[in-house]
2 protein chains.
Amino acid sequence: MAESLRLTVDRRSPVPLYYQVAEQLEQAIGSGQLSPGFKLDNEISLADQLGLSRPTMRRAIQELVDKGLLVRKRGVGTQVVHGRVRRELELTSLFDDLRATGQKPATKVLVNQVEPAPAEVADELGFAEGDEVLHLERLRLADEKPLAVLRNWLPANVIRPTDEELENGGLYQLIRDAGTHVQVARQRIGARGATTQEARLLGGRKNDAVLTMQRTAYADSGRAIEYGDHCYRPEAYSFEVTLVER
Amino acid sequence: MAESLRLTVDRRSPVPLYYQVAEQLEQAIGSGQLSPGFKLDNEISLADQLGLSRPTMRRAIQELVDKGLLVRKRGVGTQVVHGRVRRELELTSLFDDLRATGQKPATKVLVNQVEPAPAEVADELGFAEGDEVLHLERLRLADEKPLAVLRNWLPANVIRPTDEELENGGLYQLIRDAGTHVQVARQRIGARGATTQEARLLGGRKNDAVLTMQRTAYADSGRAIEYGDHCYRPEAYSFEVTLVER
DNA sequence: GTCAATACTTTGTCCTAACATTCTGTCTTA
DNA sequence: TAAGACAGAATGTTAGGACAAAGTATTGAC
């Protein structure tokens, strides 16, 4: 097949043209219609086929290069790298992730109160020690089984949720609903032995291995908006990342 | 200060203009010269100041938006998000990372032989079970202390290193030197208790928590080029990731 | 027949230009 | 005084063209 691929664009749609093309290409790769190693037509002829300019076509391709689905080589062309499309680790909460994969998430609220910031938290949020912060501690379950212990600290003026709100959705959803846009987050992923309390909550024994994640999130205004210290049952959870050479 | 920032470009340099600008901006942010919340001039006037076109200036800014250092808001402008510049998790080997941070890496080769691929490895590499693969097993030390146990399997025709070569550098360096370009890698990060053998090598006890990473790397041709199963002493190592909302 | 020089293909970079969209602040009007 | 209309400012999208650089294939000479 020279080009079994059929791409179309709708110029009346408000969706950007480059995005329409990128989406269709991604789906074609994900569905196996374009198999690894397949060489795309060159940018100019692709653009012509769709009635687009080269920059627009180029941008569509770039989107997929950034995602690691395509590879470009000057003087050679553009090829499909591999078909297994894995979603990049995104700025979504664990709650949304679970629901998206069909598991039934649940939350048990352990702590939900405003208190003076401990030293480590104040440092991460860029606050003074003792400034008031909202302290949350939750046990997250998936399909009725304990999955993770989630400890979070937020500036006191971001949200002030009820226990019920925390049980019905993810933290990030509440933050977004409050009109705050989370822009960047820095995560550190590690491991350690469970504390006695964690073991009790997760249904294991002290010093059992747990996967840990510390995260500091920043709003688009630049100020720190959340510090989280989570630990997960490693049998039930792992992080996936896709790295792309640029 | 309206704009204490002084940017310059060298048109005779082979380094792309947008990259020159992005680098200078990144350094200005990293050094604190541009503090969080600082609002950049608009794209057009920045481009004028440098004698560049708007697309080129725009691309420079985009680089830093992708890295999470800047935020753009339509109708408003471009702002610095936060100053702490953390390097994105990159396609570099642990060996290079250690050397870059000033620690003294060393490697002890435990296994270096060609053998039939076990089922799990064959599956990850897209091979048939029993196909010949190069099996490597190494103990990585930093400043004389054991840090990680590295198990890797590669297609037999990629590299065939001597023990000495493995001791003097990272695996990825050897792959690159062989003319193979690693383009994409998928990593899964988790945790578990150490096996007896791992505990002995890392100087701990059985069932001590270890941080684990499984990675499958693909060459630009699309074929799988390496499968790795590593475990790290969590006191000595963790992964850092920066997530950017797009 | 082998090796080197050349031509061609394809992506990479950069430019000018125009219009759309979104947000902010101001001015007008009820 | 307050709410809505409007203008301005900034980024977002798209177009079309030109040249540079790198890799591939062909051609030519020895």
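Here is the naming used below: chain letters follow the sequence lines, and residue numbers restart at 1 for every chain.
Put simply, CG on B/Leu17 is 17 Å from P on C/dG12, counting in whole angstrom units. A/Gln62 has its CD atom 17 Å from the C1' atom of D/dT14, to the nearest Å. Separating the CG atom of A/Leu46 from the P atom of C/dT9 is a distance of 17 Å, rounded to the nearest angstrom. Note: CD1 (B/Ile44) to C1' (D/dG8) measures 13 Å, nearest angstrom. If you take CG of A/Leu50 and C1' of D/dA15, they are 15 Å apart, rounded to a whole angstrom. Computed from coordinates, the A/Gln79 CD to D/dG23 C1' distance equals 13 Å when rounded to whole Å. Between the NZ atom of A/Lys73 and the C1' atom of C/dG12 there is a distance of 16 Å, rounded to whole Å. Whole-Å rounding puts the A/Met57 CE to D/dA15 P distance at 12 Å.
Across all strands, B/Ser53 comes closer than 4.0 Å to base atoms (heavy-atom distances). Residue contacts shown for B/Pro16 are limited to sugar-phosphate atoms, with no base heavy atom under 4.0 Å away.
For C/dT13, one of the phosphate oxygens OP1 or OP2 lies less than 4.0 angstrom from a side-chain nitrogen or oxygen of B/Arg59. Between B/Arg72 and D/dG12, a side-chain N or O to OP1/OP2 separation shorter than 4.0 Å is present. At D/dT13, one or more side-chain N or O atoms of A/Tyr18 fall inside 4.0 Å of OP1 or OP2 (strictly under the cut-off). Considering only side-chain N and O atoms, A/Thr56 lies under 4.0 angstrom from the phosphate OP1 or OP2 of D/dA15. For the pair B/Arg58 and D/dT14, the criterion of a side-chain N or O lying under 4.0 Å from OP1 or OP2 is not met. Dashed line: the shortest gap from a side-chain N or O of B/Thr78 to OP1 or OP2 of D/dT11 is under 4.0 Å.
A donor-acceptor contact closer than 3.5 angstrom is absent between the side chains of A/Tyr227 and A/Gln214.
Residues A/Leu40 and A/Gln79 are not in side-chain contact: their nearest non-hydrogen atoms beyond the backbone lie 4.5 Å or more apart.
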Hey, mind stepping through B/Val121 and B/Leu125 against side chain to side chain contact (heavy atoms under 4.5 Å, CB included) and telling me if it holds? CA-CA 6 Å; B/Val121 173; B/Leu125 291 178; 3.9 Å; yes

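Shown here is B/Gln27, whose CD atom has no more than 12 heavy atoms of other residues, nucleotides or ligands within 6.0 Å. Within 6.0 Å of CD in A/Glu164 there are 12 or fewer heavy atoms belonging to other residues, nucleotides or ligands.
Both B/Gly75 and A/Arg74 lie close to DNA chain D; mapped to their nearest nucleotides by heavy-atom distance, the more 5′-ward contact belongs to B/Gly75. For the pair A/Pro14 and A/Gly77, both in contact range of DNA chain C, the more 5′-proximal nearest nucleotide belongs to A/Gly77.
Remark: the A/Arg54 side chain and the C/dG12 base include a donor-acceptor N/O pair separated by less than 3.5 Å.
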